[in-house]
**Q** 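Before I ask anything, here is the structure I am working with.
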Amino acid sequence: MYLLQADTSGISRLMFLGTLGMLTLAIGIIVFVIFHQRKVIRYQMQMKRLEAEKQQTLLNASIRFQEEERQRIAADLHDDAGPLLATARLYLNENLVNQEKAQQLQSIFSAKQIIDDAILLIRNISHSLMPPTLKNFGLESATTDLFQKISGSGSLNASARFHDYRERLKVEQELLAFRIIQELVNNILKHSNAGFIHLTQNTSGNHLYIRIHHDGKGIIQPEFDKLNQSAQGLGLKNIASRIKVLNGRILFEIDPSQTYYKITLEIPREISIA
Amino acid sequence: MIQITAILEIIINIALLSEIIPLIFCILFYKKFNTRILEVFFVYAILQALFIVLISVNGYVYRSLPTNNLLLRFHLIFEYTLIAYLLSLLIVNKLIKKLLVFSILPFFVYNLLDFLSYGNVEFSNTPTIVEFLIFIVFIIIFFFEKMQNDSKILIYNTVSFWICVGLFVYCTGNFFYILLVENFKNASIDSKNQLKIVYSIVTILKNIILGLSLTSLNLDDKSSEDNLNFPSDLNLDAFTPNHKLN
């Protein structure tokens, strides 16, 4: 108050008000910067947490899938291979030497047949883990084979066409891609009630593209994302986790004509050295 | 009336003494100095203290106004050079960095021309106004860059932020004082002292902020890295294509 009564009171007032205004503005800017940055960091942390939760879900799904696969193999071995080998053992017991020659031959023949069945069974289990067609002839042959088998069942029309697969992917990539295709086809067979499934493949740049068309009841990307986040949809989670391992992308969509659904896979190419 | 004058004198003297605060904190935290920014800040703190000693000696012993004005002009040039360089180290944009560094020479030339026009008999406020305006603009650019940056460290946990806050408060708080100081040439010493209170308080505030800014060196980056990736030892055979082909 005393200052304002000085000779140069007008200029003093201007100076005080100006300084006050400038300082208020400065403090305002500083506070805004601090709060804005805090908000940005909080948002980033939230996004990171969501991503971590998603990864955790995928990891859990992968572990659960592996456990289920082990249980299935254990069940196959215990329920099928076990009894077969036990039966074969019965035929080849100690009394075999005391039996008549014709009966001996009959027992050996029966045991041989049972062992052959056991070998076939074990081979089937082994093939379900790593299809030999895939290992020996690649993704194109394995996929075509799978589609021919589906078509051969007569329940629906299935076909696969590879446009450009001169250079095979790495074995690990092929297996992951094949498992994704298998899972997608299984889902279509189980849930969509489709009349046809058609697969086409092509390459562009350093990416391989696979597209599956079907005319059944399908899903679109938001539904896939939703199911992927939820506790349901183990198969879809497996697809998502495999896509992640491949560094690829997947897109679920419906054709503009609304007559069929499309699922497109994008896989970065890592060419097999072998 | 006498009491008020005495209080004002004390505040002005405290403001002069406060220029040593950044230097004291620099000495205390010297062992933790590991960047060029802090080294430049240390040089700035030393020069600031040195100039305040020289100005005080001249003010209390020789009482020579031309010498005082000459010292203030030298101080201004050194202050501009160091702060401009410091800001060029803090700002990320390369063009703005270059602009700041290359502005030192024009500012020096401008000061020289101003000195040739006014001499050292009178205090010229325009170079200081130019300096403040340039710093206000570049500090706002620094804040803008920090807002866009996706760093995980909270901005108020960094030394650079508090150095800029100190300088920003100093430039904005003293802007109107420097702008209007020429209007008080003919005012009495008491009136001048009353107006100097604004400058003094802002200067004390700046020096406290600059000094305390170094305490942020103790704060570590507490941001944690995301470690929820797929572990590699789970033998998820189909999911980890790590093994090489023979």
Side-chain angles (χ1 to χ4, degrees), chain A residues 2-3 6-8 10-12 14-27 29-30 32-34 36-41 44-45 48-49 51-56 58-59 62-63 65-66 69 129-130 170-176 179 238 241-242 244-246 270 272-274, chain B residues 1 4 136 139-140 142-144 146-156 161 164-165 168-177 179-181 183-184 186-188 190-191 194-195 197-199 201-202 205 223 226-231 234-246:
Chain A
Y2 173 77
L3 289 166
D7 297 333
T8 49
I11 300 167
S12 296
L14 178 68
M15 196 194 80
F16 278 105
L17 288 175
T19 304
L20 201 69
M22 286 292 269
L23 279 174
T24 312
L25 199 70
I27 292 164
I29 290 171
I30 293 161
F32 175 73
V33 169
I34 289 172
H36 183 272
Q37 208 235 3
R38 275 179 67 150
K39 203 173 149 186
V40 168
I41 289 178
Q44 283 174 346
M45 283 171 78
K48 199 173 237 180
R49 201 170 56 242
E51 182 62 27
E53 280 173 11
K54 194 179 165 187
Q55 282 202 358
Q56 189 63 41
L58 289 175
L59 179 64
S62 301
I63 294 167
F65 177 75
Q66 197 187 42
E69 194 72 359
L129 292 173
M130 178 68 179
K170 284 173 84 173
V171 176
E172 297 89 344
Q173 277 198 307
E174 280 197 326
L175 182 62
L176 286 166
R179 291 293 182 221
N238 287 326
S241 61
R242 282 174 172 133
K244 204 174 173 70
V245 174
L246 282 168
E270 283 179 48
S272 172
I273 305 160
Chain B
M1 176 70 184
I4 291 171
I136 288 170
I139 290 169
I140 289 173
F142 167 77
F143 286 150
F144 184 68
K146 280 280 172 189
M147 275 166 63
Q148 287 185 319
N149 192 1
D150 62 345
S151 169
K152 291 166 196 163
I153 307 164
L154 286 165
I155 196 167
Y156 52 79
F161 173 74
C164 283
V165 167
F168 197 49
V169 166
Y170 178 65
C171 293
T172 50
N174 285 332
F175 184 76
F176 270 83
Y177 171 76
L179 190 72
L180 301 171
V181 75
N183 294 294
F184 302 102
N186 300 322
S188 64
D190 280 347
S191 300
Q194 285 158 21
L195 293 165
I197 191 105
V198 173
Y199 179 84
I201 289 170
V202 171
L205 200 64
S223 64
D226 181 17
N227 54 3
L228 283 169
N229 290 322
F230 286 97
L234 283 176
N235 193 26
L236 300 168
D237 50 350
F239 297 94
T240 50
N242 290 335
H243 49 281
K244 297 256 185 277
L245 285 168
N246 292 323

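Below, read A as the first sequence line, B as the second, and so on, with proteins coming before strands; counting in each chain starts at 1.
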**Q** Take Met147(B) and Phe32(A) through the test side-chain contact (heavy atoms from CB on, under 4.5 Å) and record every step on the way to the result.
**A** CA-CA 9 Å; Met147(B) 275 166 63; Phe32(A) 175 73; 3.3 Å; yes

**Q** Heavy-atom distances under 4.5 Å only: say whether Phe161(B) touches chain A with side chain, backbone, both or neither.
**A** side chain

**Q** So what's closer than 4.5 Å to chain A heavy atoms on Ile136(B): side chain, backbone, both or neither?
**A** side chain

**Q** Below 4.5 Å from any heavy atom of chain B, which atoms of Leu246(A) appear? Answer side chain, backbone, both or neither.
**A** neither

**Q** After noting the C-alpha distance and the side-chain angles of Ile30(A) and Phe143(B), does the key distance pass the side-chain contact (heavy atoms from CB on, under 4.5 Å) rule?
**A** CA-CA 8 Å; Ile30(A) 293 161; Phe143(B) 286 150; 4.1 Å; yes

**Q** Is chain B contacted by the side chain of Ile29(A), its backbone, both, or neither, given a heavy-atom distance below 4.5 Å?
**A** side chain

**Q** Under 4.5 Å heavy-atom distance to chain A, tell me which part of Phe175(B) shows up: side chain, backbone, both or neither.
**A** side chain

**Q** If you take all heavy atoms of Leu23(A) and Val202(B), which pair is closest and at what distance?
**A** CD1-CG2, 4.4 Å

**Q** For the CD atom of Gln37(A) and the OH atom of Tyr156(B), what is their distance to the nearest 0.5 Å?
**A** 8.5 Å

**Q** Kindly give the heavy-atom pair with the smallest separation between Met15(A) and Val198(B), and that separation in Å.
**A** CE-CG2, 3.6 Å

**Q** Name the region of Leu179(B), side chain, backbone, both or neither, that has any atom closer than 4.5 Å to a heavy atom of chain A.
**A** neither

**Q** If I compare all heavy atoms of Thr172(B) with all of Met22(A), which pair ends up nearest, and what's the gap?
**A** O-CB, 3.2 Å

**Q** Can you tell me how far the CZ atom of Phe16(A) sits from the CD1 atom of Ile197(B), to the nearest 0.5 Å?
**A** 8.0 Å

